[in-house]
Amino acid sequence: MCGFIGYIISDSNIATSYEIQQLKNMTNIISHRGPNDSGYFIDQNVRFGFRRLSIIDIEGGNQPLSYENERYWIIFNGEIYNYIELREELEELGYKFKTQSDTEVIISLFSHKREESFKELRGMFSFLIWDKQKKELYGARDHFGIKPFFYLDDGQSLYCASEMKSITYLKNTPEVNAESLHHYLTYQFVPEPLTMNKNIKKLQPGHYFIKKQGKPIEIKAYWQPSFQPKDLSLNTAKKEIRKVLRDSVNMHMRADVPVGAFLSGGIDSSAIVALASEFHPNLKTFTVGFEREGFSEIDLAIQTAKELNVEHMHYLVTPDDFLRELPKVIWYMDEPVADPAAVPLYFVAREASKHVKVVLSGEGADELFGGYNIYHEPHSLRHITSLPSGLVKGLNVLAKFIPEGIKGKSYIERGSMSLEERYIGNAKMFSEREKRGLLSTYNEFINYQDVTKPLYNKSKNYHDVHKMQFIDMHTWLRGDILVKADKMTMAHSLELRVPFLDKEVFKVASSLHPNLTVTNGTTKYALREAMKGIVPDSVLNRRKLGFPVPIRHWLKNEMLEWARELIFNSDTNHLINKSVIFKMLEDHSQGKADYSRKLWTVLVFMLWHQIHIEKVFTITNSNELGKISV
């Protein structure tokens with residue numbers, strides 16, 4: 001596990017002492033991703049910088065790592081869980097190894113199969129490989145986007161990094177991408193491959209690139225998720241789910257350091273903990289909560305941990321804690337992500353890092369196994385969607401004349417809209433109408449469906465539930481869930497592993513028909529059935545909470561003045577119509593409406609703008625300790 005920075009330059013030249021120091025500075029900015037070691041590789045064409053977090057104690061695991069008489073050089077962030085099996089296969093073919101590391105397995109497999117090798121990797125990864133002989137730079141990112149990969153391509157040179165701040169240190173490009181801001185206000189995050197920075201992009205999951213010196217970058221897909229349901233019985237589905245999850249958890253437990261797990265009161269984390277404790281009975285578990293009633297799963301987590309016979313630790317977050325650490329959270333995050341759950345995740349990662357170096361977590365279960373309540377909607381709207389198209393269109397017109405607040409208006413509106421119109425992912429914040437008033441310069445040619453239309457085209461033959469899962473896998477999962485999971489754990493040099501997001505687990509999940517997932521009045525039906533006898537009965541049908549945050553209450557009281565000052569001081573008048581936000585804040589504080597999530601979306605952007613664009617806060621990263629101070 002680590003962080004890296006790498007770039008290929010347009011003209012071959014020997015690095016100056018100044019350039020070498022710049023490379024070291026870019027690398028040290030992300031020392032929190034790898035506080036144990038650093039390494040560099042410099043030749044006439046490329047520059048690599050690397051920070052290492054030691055998880056498996058192996059000799060020769062340092063990076064950058066070379067192979068085949070220094071023809072190939074690699075820097076790699078992540079874990080390959082099937083590297084032992086791949087190594088054995090390569091050794092049978094005559095390949096030799098100098099280390100016991102998964103890094104050497106990647107580069108050896110690449111030497112054998114080139115781009116085809118990426119498909120065989122089972123794990124989380126982003127890496128760069130330099131072919132010194134062909135003078136080609138390769139980059140690849142894992143199937144689901146668990147590990148980040150940013151890049152800036154200026155047409156000649158290409159800069160890549162685990163975090164955007166490493167690139168902006170050298171290529172200071174602080175301009176906000178207007179298209180990204182439009183989408184952020186809809187989705188609460190910037191959809192890939194865009195970032196909030198106009199000149200920087202993300203390499204999408206399941207993709208790789210080839211960059212030849214002085215030539216344009218070539219980006220290709222090596223894997224794309226697809227749902228292919230089979231006619232499985234419930235009993236068969238249960239057996240396959242148990243088998244593949246147990247295998248995935250077992251592989252994700254490979255480490256020479258203490259391993260723990262995040263534990264809420266829900267089925268996802270409880271399933272991971274229950275299976276992990278089979279292999280590691282002394283597992284430590286962690287959660288956080290808030291003092292306000294209804295915003296803590298601590299009691300449920302304690303109860304679940306007791307029933308699973310695992311050790312449990314928790315932390316209670318106060319409003320003062322929240323506000324004090326928030327600038328650090330946004331600095332680590334790199335981009336604005338308006339999910340308040342990022343902050344408690346920061347705290348639970350901080351507590352876990354005091355005891356372990358690796359944690360397991362339940363991200364991805366909802367998208368793979370049909371866990372969101374909204375997935376019931378195609379069934380609940382069937383009374384309208386099954387009507388003749390002409391009648392549906394008439395209902396759509398009728399709905400516009402029904403006054404707001406009248407029962408049934410929303411049901412008719414949604415039922416008379418196509419899935420492509422009404423569903424753009426797990427969460428939708430501002431409508432296009434609202435953005436017209438909110439944005440100082442609204443662009444009518446940028447529409448939220450620009451993001452989802454290509455995805456619907458790819459999934460047009462799917463069941464509606466699978467279409468929704470497909471949309472969420474490409475938007476919410478990779479833009480929100482995995483971003484905050486990676487950034488908040490790495491902020492504390494803690495490696496997070498997600499056994500649900502395994503390509504073998506997906507094979508099973510994608511074979512399930514919706515009548516085995518979103519059915520019988522529940523979600524994740526087959527998963528819940530498969531976990532009977534493994535997790536406590538009290539957990540199987542518990543309502544999902546996640547890490548709830550009392551933003552709605554705090555923006556009326558403890559955080560009200562902070563919000564007013566942030567809006568007033570933020571240098572975003574050219575982007576945001578502040579009068580709209582001030583009005584929303586006042587109405588919210590007086591209880592006229594609940595604007596908490598919309599307010600939070602704008603406030604997070606403004607704080608991000610202060611930190612990353614305006615540079616109002618002085619936030620520095622200690623090279624050795626990987627900590628920041630505000």
Side-chain angles (χ1 to χ4, degrees), residues 2-31 33-34 37-52 62-77 103-104 106-107 110-111 114-115 126-141 148-175 195 197-203 207-220 621 623:
C2 74
F4 66 73
I5 171 71
Y7 54 96
I8 178 172
I9 55 179
S10 55
D11 299 313
S12 300
N13 62 64
I14 298 174
T16 65
S17 58
Y18 173 77
E19 187 179 358
I20 293 171
Q21 186 58 52
Q22 289 289 84
L23 175 63
K24 289 182 177 180
N25 291 344
M26 295 165 72
T27 306
N28 286 335
I29 286 172
I30 53 171
S31 61
R33 300 190 75 92
D37 192 21
S38 62
Y40 302 92
F41 166 69
I42 299 171
D43 77 355
Q44 292 184 330
N45 306 106
V46 302
R47 319 286 193 246
F48 282 175
F50 175 82
R51 295 292 312 201
R52 181 187 180 197
N62 297 334
Q63 297 185 43
L65 185 144
S66 64
Y67 189 76
E68 205 173 289
N69 296 319
E70 298 192 353
R71 172 182 173 175
Y72 300 108
W73 287 85
I74 183 173
I75 43 178
F76 157 58
N77 171 26
T103 310
E104 190 176 17
I106 295 172
I107 200 167
F110 178 80
S111 170
R114 305 296 289 188
E115 302 97 305
S126 58
F127 56 76
L128 289 171
I129 294 176
W130 171 240
D131 184 337
K132 197 171 182 178
Q133 181 176 306
K134 288 190 173 183
K135 296 193 180 302
E136 294 175 346
L137 181 68
Y138 289 79
R141 190 177 179 200
F149 195 121
F150 295 92
Y151 70 93
L152 185 154
D153 182 16
D154 64 11
Q156 295 295 317
S157 301
L158 176 71
Y159 301 84
C160 307
S162 297
E163 296 193 11
M164 194 158 60
K165 57 181 70 68
S166 291
I167 299 175
T168 55
Y169 174 84
L170 185 65
K171 306 289 287 186
N172 189 19
T173 54
E175 187 176 354
T195 72
N197 189 302
K198 188 175 182 180
N199 299 297
I200 298 176
K201 291 185 177 180
K202 293 177 185 173
L203 181 64
H207 283 67
Y208 71 94
F209 71 74
I210 306 171
K211 174 70 175 181
K212 300 176 182 179
Q213 194 176 25
K215 300 285 183 66
I217 188 172
E218 300 175 46
I219 300 177
K220 302 177 182 180
N621 196 2
N623 294 345

Side-chain heavy atoms of [X] within contact of [Y], under 4.5 Å:
X    : Y    : result
Y208 : R141 : no
F149 : C160 : yes
Y40  : L23  : yes
E175 : N197 : no
I167 : L170 : no
W73  : I129 : no
I75  : F127 : no
I20  : I42  : yes

For this session: Please report the C-alpha distance between Y151 and I219 in whole Å, then the side-chain angles of each, then the deciding distance to 0.1 Å, and finally whether the side chain to side chain contact (heavy atoms under 4.5 Å, CB included) criterion is met.
Result: CA-CA 12 Å; Y151 70 93; I219 300 177; 3.3 Å; yes
Inter-residue atom distance [X].[atom1] - [Y].[atom2], 0.5 Å rounding:
X    : Y    : atom1 : atom2 : result
L158 : Y7   : CG    : OH    : 12.0 Å
I5   : N25  : CD1   : CG    : 11.5 Å
M164 : N199 : CE    : CG    : 11.0 Å
Q22  : S17  : CD    : OG    : 10.5 Å
K215 : I8   : NZ    : CD1   : 11.0 Å
R52  : T103 : CZ    : OG1   : 8.0 Å

Exercise. E19 and T16: side chain to side chain contact (heavy atoms under 4.5 Å, CB included), yes or no, with the steps?
Worked result: CA-CA 5 Å; E19 187 179 358; T16 65; 3.5 Å; yes
Can you give me the closest heavy-atom contact between [X] and [Y], atom names plus distance?
X    : Y    : result
G6   : F48  : CA-CD2, 3.9 Å
E115 : F110 : N-CE1, 4.3 Å
S162 : C2   : OG-O, 4.4 Å
S166 : I30  : OG-CG2, 3.5 Å
G139 : L128 : CA-CD2, 4.0 Å
S126 : P148 : OG-O, 3.1 Å

Problem set entry | S10 and Q213: side chain donor to acceptor below 3.5 Å | no
Problem set entry | W130 side chain to N45 side chain, donor-acceptor N/O pair below 3.5 angstrom | no
Problem set entry | Identified side chain to side chain donor-acceptor pair (under 3.5 Å) counterpart of R51 within the set N28, D37, N77 | N28
Problem set entry | side chain to side chain contact (heavy atoms under 4.5 Å, CB included) assessment of F41 paired with V46 | CA-CA 8 Å; F41 166 69; V46 302; 3.5 Å; yes
Exercise. Would you call D153 and K211 a salt bridge, using N to O less than 4.0 angstrom?
Worked result: yes
Seminar exercise, completed: Residue set satisfying side chain to side chain contact (heavy atoms under 4.5 Å, CB included) with K134, at least two apart, ordered chain then number -> R71, R114, D131, E136
Exercise. Can you name the side chain to side chain contact (heavy atoms under 4.5 Å, CB included) partners of D154, sequence neighbours left out?
Worked result: L152, Q156, S157, Y159, K171
For this session: Run the numbers on F76 and I106 for side chain to side chain contact (heavy atoms under 4.5 Å, CB included), then give the verdict.
Result: CA-CA 9 Å; F76 157 58; I106 295 172; 3.7 Å; yes
Seminar exercise, completed: Hits for salt bridge (Lys or Arg N to Asp or Glu O under 4.0 Å) against E163, two or more places apart or cross-chain, chain-then-number order -> R33, K165
Exercise. Does atom CG of N69 have more than 12 heavy-atom neighbours from other groups under 6.0 Å away?
Worked result: no
Exercise. What about Y138 and F209, are their ring centers closer than 6.0 Å?
Worked result: no
For this session: Give the C-alpha distance, both sets of side-chain angles, the deciding distance and a yes or no for side chain to side chain donor-acceptor pair (under 3.5 Å) between Y72 and Q133.
Result: CA-CA 8 Å; Y72 300 108; Q133 181 176 306; over 6 Å; no
